[in-house]
Amino acid sequence: MNTKYKRILVLTGAGVSAESGLATFRDADGLWNNHKVEDVATIEAFERNPEFVHQFYNEMKPELLKARPNPAHLALAKLEQEYSGEVNIITQNVDTLHEKAGSRKVYHIHGQINQAVCLNCGQILETWDDVDTQTVCPHCGVSGMMKPNIVFFGEALLCMDKVQKLLAECDLFVSVGTSGVVYPAAGFVQTAKYYGAETYEFNLEAASNNYLFDKHVYGKCGETLPVFVNELLAETKESE
Ligand code: BJW
C-alpha cells in the first residue's frame, strides 16, 4: 500500500452540514433554532420538561430527514471508497448525512436524531416518527421512559472505546466544521497529535482549538474538502 497515510480519521461538526441548509449551533445570534442550546440539550432540561424536549426534536426530524448531503459529505464518502488506506468518520452531528452520502464507517458520538433510547432497558428504537412521553418501548414494553438518543451536556459520549482506539491509531486527523468548544470532542486533536498524527483543520474561520492543528484550510468545506480529497487520491495513484 503506497498511501501517504495508513489511517485517516475525520471529526465533523455542524459546519459540514451547513451547506445542506442545516443550522449550526453557535451562529452570530448565539441561538440554535431559536433556543439557547443549553435550554434544550442538557439532561436537566430533559428531566425538567421532557414533553418540550421531545417536541423540539420531533419538530426537527422532517427537516433532517429531507436534507441532502453536500459536496463535503460526498467528498468524504469518496475518500472512504477510493483511498487504499483506512478512513473513519467521528461525527458530532445527529443528522444522517454522512450515511446518505455513502460513508459506512461513521461513529455518532453525540447520538442520532432518528433514534430514541429506553431509560428502562437501554435498548435503541430506530424511528423517524415522533417519540414522546407516552411512547412504549418495543423491547421491554415500558411506557414513558424513552429519551431522544441525543447526548446532552452532562451525559457520557457514545462509542468512546472505539474513538479512543481510532485516535491512537490514526496518522492523519482532519477536523471539519466544528468550533472546538465542546469537550471531549474538542480535545480529540490533542490525543491524535500525542500519538503522532498530522492534524488538519477545515473551517470557515479559526476554531477555538486552532493552535493544535498543523495545517489550516479556511473557507466553505463544500469547496475546500473536495479539492483536498482529490489531491490525496491523486498522490496515492501517482505513487503506485
Ligand atoms: C463551517 C461552515 C462551512 C460553518 N464550512 N465550516 C472539559 C472542559 C470544559 C467543559 C467540559 C469538559 N469536558 C466536558 C465538559 C462539559 C461539556 C462541555 O464541553 N461544555 C463546554 C460548552 C464548555 N461537555 C459535555 O457535557 C459532554 N459530556 C461529557 O463530557 O460527559 C462526561 C461524562 C463522562 C461519564 C459519565 C457522565 C458524563 C457532552 C457534550 C454533548 C454536546 N451536545 C450537543 C447538543 C446535541 C443536541 C443536538 O445535536 O441536537 O452537541 S451541544 C452542540 O455542540 C452539539 C454539537 O455536536 C456540539 C459541537 O458543536 P459544533 O459541531 O462544533 O457546532 P458549532 O456551531 O459550535 O460550530 C460550527 C463550526 O462550523 C463553526 O466553527 C463555523 O465557523 C463552522 N462552519 N459553516 C466549514 N460551510
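Since the model is a prediction, treat every value here as computed from it, not as a measurement. Indexing begins at 1, ligand by ligand and atom by atom, following the structure's order.
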Return the orientation label for the Phe213 and His216 ring planes: parallel under 30°, perpendicular over 60°, tilted otherwise. perpendicular
Residues Thr91, Glu99; criterion side-chain contact (heavy atoms from CB on, under 4.5 Å); working and verdict: CA-CA 11 Å; Thr91 187; Glu99 288 87 347; 6.0 Å; no
Ligand 1 versus Ala156, non-hydrogen atoms closer than 4.0 Å: side chain, backbone, both, neither? both
Location of contacts on Gln92 toward ligand 1, heavy atoms closer than 4.0 Å: both
Does the distance from a Lys or Arg side-chain N to an Asp or Glu carboxylate O, for Glu169 and Lys165, drop under 4.0 Å? yes
What I'd like to find out is whether the side chain of Ile124 reaches to under 4.5 Å of the side chain of His139, using heavy atoms alone. no
Side chains of Asn210 and Tyr218: does their closest heavy-atom pair fall under 4.5 Å? yes
Can you name the atoms of ligand 1, numbered from 1 with element, that are less than 4.0 Å from a heavy atom of Asn203? 1 (C), 6 (N), 71 (O), 72 (C), 73 (O), 74 (C), 75 (O), 76 (C), 77 (N), 79 (C)
Do Asp95 and Lys100 sit within salt-bridge range, that is, some charged N less than 4.0 Å from a carboxylate O? no
For Lys105, does its backbone N or O pair with a side-chain atom of Glu80 as donor and acceptor, under 3.5 Å? yes
Give a yes/no verdict on whether any heavy atom in Gly219 is under 4.0 Å from an atom of ligand 1. yes
Any N/O of Ala14 closer than 3.5 Å to an N/O of ligand 1? yes
Would you say Gly180 has any N or O atom under 3.5 Å from an N or O of ligand 1, going by distance alone? no
For Glu19, the atoms of ligand 1 under 4.0 Å from one of its heavy atoms are 3 (C), 5 (N), 80 (N)
Return a yes/no value for Ile150: is any of its N or O atoms, backbone included, closer than 3.5 angstrom to an N or O of ligand 1? no
Gly154: numbered ligand 1 atoms lying under 4.0 Å from its heavy atoms: 25 (C), 26 (O), 37 (C), 38 (C)
Side-chain heavy-atom pair Cys121, Val142 within 4.5 angstrom cut-off: no
Would you say Val182 has any N or O atom under 3.5 Å from an N or O of ligand 1, going by distance alone? no
Under 3.5 Å, N or O to N or O, is Ala18 touching ligand 1 that way? no
Please state which part of Thr24 comes within less than 4.0 Å of ligand 1, counting heavy atoms only: side chain, backbone, both or neither. both
Donor-acceptor pairs under 3.5 angstrom involving side-chain atoms of residues 144-162: please list them, not counting sequence neighbours.
unit_1, atom_1, unit_2, atom_2, d
Lys147, NZ, Ile150, O, 2.8
Lys147, NZ, Glu155, OE1, 3.3
Asn149, ND2, Gln115, OE1, 2.8
Glu155, OE1, Phe152, N, 2.9

Using a 4.0 Å cutoff against the non-hydrogen atoms of Gly13, which atoms of ligand 1 qualify? 62 (O)
Below 3.5 angstrom, do we get any N/O pair linking Phe25 and ligand 1? yes
Contact region, Leu157 to ligand 1, non-hydrogen atoms below 4.0 Å, reads side chain
Region of Arg26 that comes within reach of ligand 1 [heavy atoms, distance under 4.0 Å]: both
Polar side chain donor-acceptor pair, His73 to Ser17, under 3.5 angstrom: yes
Under a 4.0 angstrom heavy-atom cut-off, which atoms of ligand 1 come close to Val94? 49 (O)
Can His54 and Gln134 be counted as having a side-chain donor-acceptor contact under 3.5 angstrom? no
Give a yes/no verdict on whether any heavy atom in Ala207 is under 4.0 Å from an atom of ligand 1. no
Under 4.0 Å from any heavy atom of Val151, which atoms of ligand 1 are there? 41 (C), 42 (C), 43 (N), 46 (C)
Is Asn93 in polar range of ligand 1, meaning some N or O pair under 3.5 Å apart? no
Any donor-acceptor pair under 3.5 Å linking the side chain of Glu198 with the backbone of Tyr5? no
Below the 3.5 angstrom mark, is there an N/O of Lys220, backbone or side chain, next to an N/O of ligand 1? no
Under 4.0 Å, counting heavy atoms only: does Phe202 come that close to any atom of ligand 1? no
Using a 4.5 Å cut-off on heavy atoms from C-beta on, say whether the side chain of Trp128 contacts that of Ile113. yes
Proximity of Thr178 to ligand 1 by residue part, where a heavy atom lies under 4.0 Å: both
Here the atoms of ligand 1 under 4.0 Å from any heavy atom belonging to Tyr57 are 47 (C), 48 (C), 50 (O)
Those residues at least two apart in sequence (or on a different chain) that pass side chain to side chain contact (heavy atoms under 4.5 Å, CB included) with Ala207 are Glu201, Asn203, Asn209
Nearest-option assignment for atom 27 (C) of ligand 1, heavy atoms, candidates Phe153, Phe56, Tyr183: Tyr183
Mark up the atoms of ligand 1 that fall under 4.0 Å of a heavy atom belonging to Pro184, in ascending order. 30 (O)
Cluster overlap Leu22 with Val94, hydrophobic side-chain contacts below 4.5 Å: yes
